[in-house]
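Worksheet: one structure, shown below.
Predicted model, so just to flag it, every value in this text is computed and none were measured.
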Amino acid sequence: MPVPRSIIQQIKQIVPPLNGTLHKGQSGRVGVLGGALDYTGAPFFAAMSALRLGADLSHVICSPTAAQAIKSYSPDLIVHPILVQEASYEKVESELRSLLSRLHVLVMGPGLGREEYMQSYAHLALSIAREHAMFVVLDADALYMVGKDLSLVKGYRRAVLTPNVVEFQRLSESVGISPDVPAKERAGEISKVLGGVVILEKGPTDLIVSDTTGEAASLGASKMDEGDEEQQREVVEVDVEGGLKRCGGQGDVLSGTVGAMLAWGKCYEDGAFGDGSIPASRLPLLAAVGGSMVTRTSSRIAFQLQGRGLVTQDMLPQLGKSFSEVFGEDLWAGDKGRL
């Protein structure tokens, strides 16, 4: 089933115009928290995907053991090796607070790993992000962290969770979803239990769900305008054609594209552009749908070029072209023609 035209039109409204009216940073400042001794590619893919989609600045917050490798991949990334295992908790907290106060979104999980100190710093960063009412994307080992403590995201409507098949099964068990619940309804049940958090269930088609009918749903806890939001379950199935090769790292690209769109959404919410007609509570679902559509399209284009030899890095140069294919060339150009 095609994505409803009304949703595509709303996504277009949160895309920053390229017409010379914005200054550096008003098209999104993205942070990716992850990167330790064994994992350097994943945070690079997430952070670089955000830039390739159109975010202005992309920061990687990582362990010193990963910093030099990530810096060597691209001079466009801003790398902060502040997650030091031996550092005092207070020192890292101070540095995280200073850094996160300048960002619009935090992507957590790619390259995070399960070492105790990295999980502890991720826990801290998520708590700070919630204090600042930041949008967050949680993937990979950040989902492992959430599965151990659901209160980290419960009721926080600015979060998007992006589980793959294995992660979704684990999350379902942590939330307590019965195996008897039909497969197509499980993401909605997870969202309901977690208070309306957006779930992006990755698969042959991506299922994006938000259910605000549960007791845990609260806009006030997410520093959003309560208004008169209708409690409902909204399900969007993205069946955009993707590539036939599924290699490690494509989920990191998705995290980055969703993160970039959430950063755009935060700029929109703050009044940098747009008319403000879309409520903040709607932005996570729109970003999840838009990121899914662009990522799947870039996978298809890259596969057409590389075939069986496709690697994740082949997708990065295709993100701009994929955006234009999905949302139209005119969105790159603003009011002045293509730059």
Side-chain angles (χ1 to χ4, degrees), residues 3 5-32 46-60 74 76-78 100-107 129 132-137 158 160 198 200 208 224-225 253-295 297-298 315-339:
V3 174
R5 182 176 297 274
S6 60
I7 289 181
I8 293 177
Q9 291 303 317
Q10 286 186 319
I11 294 172
K12 288 182 176 182
Q13 290 185 57
I14 67 170
V15 177
L18 287 180
N19 57 11
T21 62
L22 302 179
H23 60 69
K24 183 175 69 175
Q26 288 186 313
S27 289
R29 299 185 293 270
V30 177
V32 176
M48 201 66 197
S49 295
L51 287 182
R52 285 293 190 178
L53 190 61
D56 280 348
L57 297 167
S58 201
H59 300 250
V60 178
S74 172
D76 293 295
L77 301 179
I78 305 169
L100 296 187
S101 69
R102 307 194 298 271
L103 303 179
H104 295 119
V105 65
L106 183 63
V107 178
H132 287 282
M134 293 176 66
F135 289 106
V136 295
V137 181
R158 293 181 181 269
V160 177
V198 169
L200 195 172
I208 295 99
M224 293 174 170
D225 185 8
V253 173
L254 176 63
S255 296
T257 58
V258 174
M261 288 201 168
L262 280 173
W264 291 347
K266 182 60 175 173
C267 294
Y268 175 90
E269 180 187 7
D270 291 344
F273 60 88
D275 61 9
S277 61
I278 300 175
S281 59
R282 186 136 186 87
L283 297 175
L285 183 134
L286 297 179
V289 173
S292 171
M293 294 177 74
V294 170
T295 302
T297 301
S298 68
M315 294 173 59
L316 301 181
Q318 309 306 326
L319 288 170
K321 182 186 298 183
S322 300
F323 176 92
S324 295
E325 180 177 316
V326 172
F327 296 110
E329 295 273 352
D330 58 312
L331 279 184
W332 283 129
D335 298 326
K336 296 186 177 180
R338 189 174 177 86
L339 299 179

Ser49 and side-chain contact (heavy atoms from CB on, under 4.5 Å): which single residue from Val294, Thr295, Val253 fits? Val253
CG (Leu103) and OG (Ser58) are apart, to the nearest 0.5 Å, by 9.0 Å
Ignoring hydrogens and geometry, is there a side-chain-to-backbone donor-acceptor pair from Asp270 to Ala272 under 3.5 Å? no
Heavy atoms only: give me the nearest Leu285-Val198 pair and the separation to one decimal. N-CG2, 3.7 Å
Where is the tightest heavy-atom contact between Ile14 and Phe273, given as atom of each residue plus distance? O-CZ, 3.4 Å
Would you sort out whether Lys266 and Arg158 count as a side-chain contact (heavy atoms from CB on, under 4.5 Å), showing the intermediate values? CA-CA 10 Å; Lys266 182 60 175 173; Arg158 293 181 181 269; 4.3 Å; yes
Side chain of Tyr268, backbone of Leu283: donor and acceptor closer than 3.5 Å? no
Let me see the working for Ile7 and Arg282 under side-chain contact (heavy atoms from CB on, under 4.5 Å), right down to the final yes or no. CA-CA 10 Å; Ile7 289 181; Arg282 186 136 186 87; 3.8 Å; yes
Where Gly291 and Thr257 come nearest, the two heavy atoms and their spacing: O-OG1, 3.3 Å
Phe323 CZ to Gln318 CD distance, which is reported to the nearest 0.5 Å: 15.5 Å
Look up atom CG in Asp275 and atom CD in Gln13, then write down how far apart they are to the nearest 0.5 Å. 5.5 Å
Show the nearest heavy-atom pair for residues Met261 and Leu53, with the distance to one decimal. CG-CD2, 3.9 Å
Euclidean distance, Leu51 CG relative to Ser74 OG, rounded to 0.5 Å: 7.0 Å
Polar side-chain atom of Thr297 near backbone of Met293 as donor-acceptor pair, under 3.5 Å: yes
Which atom names give the shortest non-hydrogen contact between Ala288 and Val160, and what distance separates them? CB-CG1, 4.2 Å
Keeping Asp56 on the side-chain end and Lys24 on the backbone end, is there a donor-acceptor pair under 3.5 Å? no
Got a second to check how far Arg29's CZ is from Ile78's CD1, nearest 0.5 Å? 10.5 Å
Roughly how far apart are Leu200 CG and Ser292 OG, rounded to 0.5 Å? 5.5 Å
For His104 and Gly25 the tightest heavy-atom approach is CE1-O, 3.2 Å
